[in-house]
Each structure stands twice: as C-alpha cells, then as structure tokens.
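Fair warning: this is a prediction, and the values are worked out from it, not measured in the lab. Residue numbers start from 1 in every chain, and the chains themselves are labelled A, B, ... in the order their sequence lines are given, proteins ahead of strands.
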Number of protein chains: 2
Amino acid sequence: MSRILVVDDEPQLLRALGISLRARGHGVEAAASGAAALEIAGRVPLDLVILDLGLPDIDGVEVVRALRGWSATPIIVLSARDAQADKVAALDAGADDYMTKPFGMDELLARIRAALRRATPELEAPVVTMGRNNIDLAAKRVTNAEGEVRLTPTEWQLLELLVRNPGKLVSQRQILQTVWGPAYTTETNYLRVYLAQLRRKLEDDPARPRYLVTESGMGYRFEPDT
Amino acid sequence: MSRILVVDDEPQLLRALGISLRARGHGVEAAASGAAALEIAGRVPLDLVILDLGLPDIDGVEVVRALRGWSATPIIVLSARDAQADKVAALDAGADDYMTKPFGMDELLARIRAALRRATPELEAPVVTMGRNNIDLAAKRVTNAEGEVRLTPTEWQLLELLVRNPGKLVSQRQILQTVWGPAYTTETNYLRVYLAQLRRKLEDDPARPRYLVTESGMGYRFEPDT
DNA sequence: CGGTGGCGTTAGGGGCCCGTCAAGCCCGGG
DNA sequence: CCCGGGCTTGACGGGCCCCTAACGCCACCG
C-alpha cells in the first residue's frame, strides 16, 4: 500500500508498529538513529515518516528540518516531552502531527490513516453525480457529456440545498426559508416552478423524476443513485 | 491570508481564537452550532475549519462527515473527550487533527500553521496561459506576442483572484471584499467596469468573453482553456 | 361521479442585472 | 501650476431571470 519509515530507538515499539502496519499492507522501513533515518529517506521514496524525537545521535527537530529541506513527505512526531514549546518547535520545523508518549496504538494508527489520506493527491474535486450530470459544489457548476448545464442563481440554490442533504427529506417550509427567505414560507408555487425547471435540465425523463423526488404533502428529496 | 471557520459554543474561546487569528492576518468566520457551521461552509470558501465536537445541536462527528461529503477543507477537531475511540471516530470521519481540551493556545496555533502549510501546495504553475496571453503570477506580469500588457493595480488584483481559482465561481461579494475591502461589498459597479477593462485588454473578442465569464446574479469565473 | 387539494407545466411581462461609455475626481510628477 | 493615469460615479440600453397566473392532471374521498 504505502511505504512508511519508522524511526525509534526502542526495539519494542519498532516491532509493534511494524507488525501493525505490515498487517495493513504497508511497506515498513525501520531506523534506530537520526543518521540512519536520513540515509534511508534519501535512498527510498517514502509516503510517511514516523519519528521519535528522543534519538541517540541527532536532535529530532533537526531531523525534521533536514528532511523538509528536500522532501514534502508527511511526518508524524512521537515524543516523551509534553511541553507546548516542544510541540510548537517540531510542528513549525515542518512536522505534520505530534503525539506525546505514552499513546494509544489505535490513535496512532488513526492519525497515520489521516496523514496518508490527505497525502494522496485525490485531485478529483468533490463532485456529486446525478445520472449523466456531475455537480461540482465547490465550483458551483453542473456539467455532462454535452458540456455545461446553465443554471440560474435560484435554480442553483435549490439544487444545492437538496444535494447537500442526500437521501434526506427537506420540507417545503425549509426550502422556501433558505432559498427565498423567511417571509416566503407559504409560496409553494415557487417550488413547483423551479423544481420543474431543474428536472427539465437535469433529469433524463423529467416527467418521471429519479433524483429530484417529490414527497407529496411533505417536501422534496435528492435521491443519490445506488 | 487564509479564511478560517471557528465552530464552538463557548463565546470566550471564539473571541480569543478570533483575535489571535485575525492578528495574524487571517479572515475568521464564527459559528456556535453545527447547523450554522454547515450553512457558512456552504456559502463562503474556506481554507480551514476548527470544530468543537461538543455542539448543542448536531454531533460533531456528523458535521465532519457532512463537510467531507462535498469539501476537502482541512478540519482540526477540538473536544473535551480524551478517549481513543472518540479520536479514532473523528479522524476516520475525515478530520485532519484532534486536540483534547484543555489545550494550549500556542500548540493550537502551531497545528493551524501546520494544517495551512500542507494545504497550500504553493508550487502551482506560476504562469497561467489565457489564450495568447501568459500570466506570470509570481512576477505579476502579463505578456503576449506583442509585448507586455499593462495592467493597473486594481486590474491585476481582480485578475489574480480569478486566475487563482480556475474553473471556480467567485461570488461578487468575495471579489469586492478581497479587492476593495469589506466596506465595498455592494459596489457592484466597480466589478462591471473593471471586468470590462480586463476583457478589453485580454480577451480576443471582448464582447464574447471566453476566459472571464459572467455567471449572472452569482459572480464571475476564470475558465482555463480545455 | 363530481369535488377537492396538491402537484406539474407553460407562457408572458416587468424588473433587475450586466455591459458600455464618458465625465469627474484624486493624487503624484513634471 | 498643469498634466496624466488610475479610480469612482452615473446614465442608459438590452437581455435574461424571477414572479405570476392559469390550466391540466392525478389521487383521494364523499
């Protein structure tokens, strides 16, 4: 899966972590000193470094600084020291996370997952799919194979509200209040008109809506596919 | 600098954090409930979310999950609960970091710096092409075959904001706020005038803009070619 | 079978938003 | 003092969006 370097001078922690990580499919490199760590980091490409600050040779913060000189690999620092100044120094030197010993293995593994998750580019924008349409909430645009689907501001607000509550029923009152304002909670005509426009633009068969569903007498619901 | 949302139901922490962050040049949004947090996150683009789990309405982990449904913004979780299970749940829901209350402000600020640092790749191609024009963001210059295109400071700020968010819609409010300042969020005339000037200088056919696109009633968008 | 309430659909007009132009203002340099 | 570039302000025309209202449809029920 990923390649992880564990730097610690306690053999038992090294062993325990190695077993846990390997069991999850990661490749594990081990080092017991700062010099060894830097040597390995320069030799093999790494996805994550777990670094104990209490090393026999080099000060851990210096190791972080040296690594940051040429590498952007995420670094999780472990340390027996709990003072704020130590944490600030390590984080500002370039570390991504700081855990104080003793720590729970579950928490460390969770922080490792978090670090690896955000390290993987995952460049794809967070996009909601709706049949053949892609809804990009960040860019505020809807596209499909034929190009861009043009939505008016009101149409977009309505769609956004429903899509941000996938599978959940949104009451007419709630829709009217957030899209048109608190003074319009009885103007249910607006809903009918704009839902129709959205369905005409986005549904394959607007007469038989599959994604923008009506719950009669209650409200509307965005139904994500499968 | 960066735009940060702080979610907490303790007014004092909200105030203290707001002051510290604003003093460092960040824009700060505040919310006291999960619903308010989600509403703000949907309205303004954010660079970081600081989220207290002990909210009066929605469970904090649910807020994390909801945000992750459409947003990749880094999330730092604050909580009074120290159990490993809580940390693992929040981190696996998509949080980037987890701090237990009470915490030191210096450490929190250091973790905020770390989160913002790794979020901004900053090595984006400093030169963007826009038809026959080359936009050098680092040198703040626009050139084409005929030489340099002279832009006024305001024109450049506007262009830079749009180009730094390629494909994304930038609201009129946001443009006015970042280019002219918070007191000018209603002066939409400025936008019309300066967009026209930019298009006259940069677009092949200023009457039919291809790169600096208007989204009526919402804002503007820089459309990179293919 | 006729009434009723809720929903879908359509079309048109008024008004808002945007693009454009030009004149006035501010300020620093010649 | 004048001058020029950049910024602000206002006016105007056109296009598009929002609202509105009317009608048809369906389900339900007396």
Side-chain angles (χ1 to χ4, degrees), chain A residues 140 142 148-162 169-173 175-181 183-221 223, chain B residues 140 142 148-162 169-181 183-223:
Chain A
K140 292 204 196 306
V142 180
E148 180 171 357
V149 181
R150 294 201 45 143
L151 296 185
T152 71
T154 310
E155 287 166 5
W156 176 260
Q157 277 191 277
L158 175 55
L159 177 65
E160 191 174 22
L161 174 60
L162 292 174
L169 176 93
V170 188
S171 73
Q172 302 192 7
R173 218 190 164 70
I175 299 175
L176 288 164
Q177 188 158 333
T178 60
V179 175
W180 279 271
Y184 295 78
T185 54
T186 57
E187 300 288 340
T188 57
N189 292 336
Y190 298 2
L191 281 185
R192 292 203 282 282
V193 172
Y194 280 92
L195 252 300
Q197 287 179 357
L198 273 183
R199 294 205 257 241
R200 189 145 40 84
K201 290 183 178 182
L202 300 176
E203 292 272 3
D204 288 331
D205 182 0
R208 298 242 182 71
R210 181 177 160 194
Y211 300 102
L212 302 173
V213 187
T214 305
E215 299 284 347
S216 194
M218 316 259 297
Y220 294 86
R221 179 200 310 277
E223 196 73 52
Chain B
K140 294 199 190 301
V142 181
E148 179 173 357
V149 180
R150 292 190 52 105
L151 296 185
T152 71
T154 310
E155 287 167 5
W156 175 259
Q157 276 190 278
L158 175 55
L159 178 65
E160 186 176 17
L161 174 60
L162 291 174
L169 186 143
V170 189
S171 73
Q172 304 191 8
R173 227 191 154 67
Q174 193 187 346
I175 298 175
L176 288 164
Q177 191 157 329
T178 58
V179 175
W180 279 273
Y184 295 79
T185 54
T186 58
E187 300 289 341
T188 57
N189 291 338
Y190 297 2
L191 280 186
R192 292 203 284 279
V193 172
Y194 278 91
L195 251 300
Q197 288 177 359
L198 275 182
R199 294 205 256 241
R200 191 142 35 85
K201 291 183 178 181
L202 301 176
E203 292 271 3
D204 288 331
D205 182 0
R208 297 246 186 76
R210 181 178 160 192
Y211 299 102
L212 302 173
V213 186
T214 305
E215 298 284 348
S216 192
M218 305 210 280
Y220 294 86
R221 183 199 308 276
F222 168 66
E223 194 76 54

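- The shortest heavy-atom contact between A:Leu161 and A:Val179 is CD2-CG2, 4.4 Å.
- Note: NZ (A:Lys201) to P (D:dC16) measures 12 Å, nearest angstrom.
- Applying the 4.0 Å criterion to OP1 and OP2 of D:dC7, one finds that B:Trp180 has every side-chain N and O outside that range.
- Of the inter-residue distances, the one linking A:Asp205 atom CG with A:Arg199 atom CZ reads 11.0 Å to the nearest 0.5 angstrom.
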For the pair B:Phe222 and B:Leu159, evaluate side chain to side chain contact (heavy atoms under 4.5 Å, CB included) and give the outcome as yes or no after the intermediate values. CA-CA 9 Å; B:Phe222 168 66; B:Leu159 178 65; 5.8 Å; no

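- The environment of B:Arg173 atom CZ is sparse: at most 12 non-hydrogen atoms of other residues, nucleotides or ligands sit within 6.0 angstrom.
- Here the side chain of B:Glu203 pairs a donor or acceptor atom with the backbone of B:Arg210 at under 3.5 angstrom.
- Checked against D:dC7, D:dT20, D:dT8, the side chain of A:Tyr190 finds its nearest nucleotide in D:dT20.
- Between B:Leu191 and B:Ile175, the closest heavy-atom pair is CD2-CG2, 3.4 Å.
- The shortest side-chain heavy-atom distance between A:Trp156 and A:Val142 falls under the 4.5 Å cut-off.
- For the pair A:Leu195 and A:Tyr220, the minimum side-chain heavy-atom distance is below 4.5 Å.
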Quick tally for nucleotides 3-19 of chain C: nucleotides whose base has a protein heavy atom under 4.0 Å get B, sugar-phosphate-only ones S, the rest -, giving ---SBBBB------SBB

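- In this structure, CG of A:Leu198 is placed 13 Å from P of D:dC17, rounded to the nearest angstrom.
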Once each nucleotide of nucleotides 25-30 of chain C is scored for protein heavy atoms under 4.0 Å, what B/S/- sequence comes out, 5' to 3'? ------

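- Between A:Leu151 atom CG and D:dC17 atom P there is a gap of 10 Å when expressed in whole angstrom units.
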Show, in sequence, the C-alpha distance, side-chain angles and deciding distance for B:Val170 and B:Thr178, and conclude whether the side chain to side chain contact (heavy atoms under 4.5 Å, CB included) test is met. CA-CA 11 Å; B:Val170 189; B:Thr178 58; over 6 Å; no

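- For the helix from C:dC1-D:dG30 to C:dG30-D:dC1, the axis fitted to the five pairs at one end and the axis fitted to the five pairs at the other end meet at an angle of 20° (nearest 10 degrees).
- The distance from the CD atom of A:Gln172 to the CZ atom of A:Arg192 is 8.0 Å, given to the nearest 0.5 Å.
- When all heavy atoms are compared, the tightest approach of B:Leu151 to B:Lys201 is CD2-CD, 3.7 Å.
- Nucleotide D:dC19 holds its P atom 12 Å from the CG atom of A:Leu158, rounded to whole Å.
- Rounded to whole angstrom, the span from the OH atom of A:Tyr194 across to the C1' atom of D:dC19 amounts to 7 Å.
- Comparing B:Tyr184 and A:Glu155 by the nucleotide of DNA chain D that holds the closest heavy atom to each, the one mapping nearer the 5' end is B:Tyr184.
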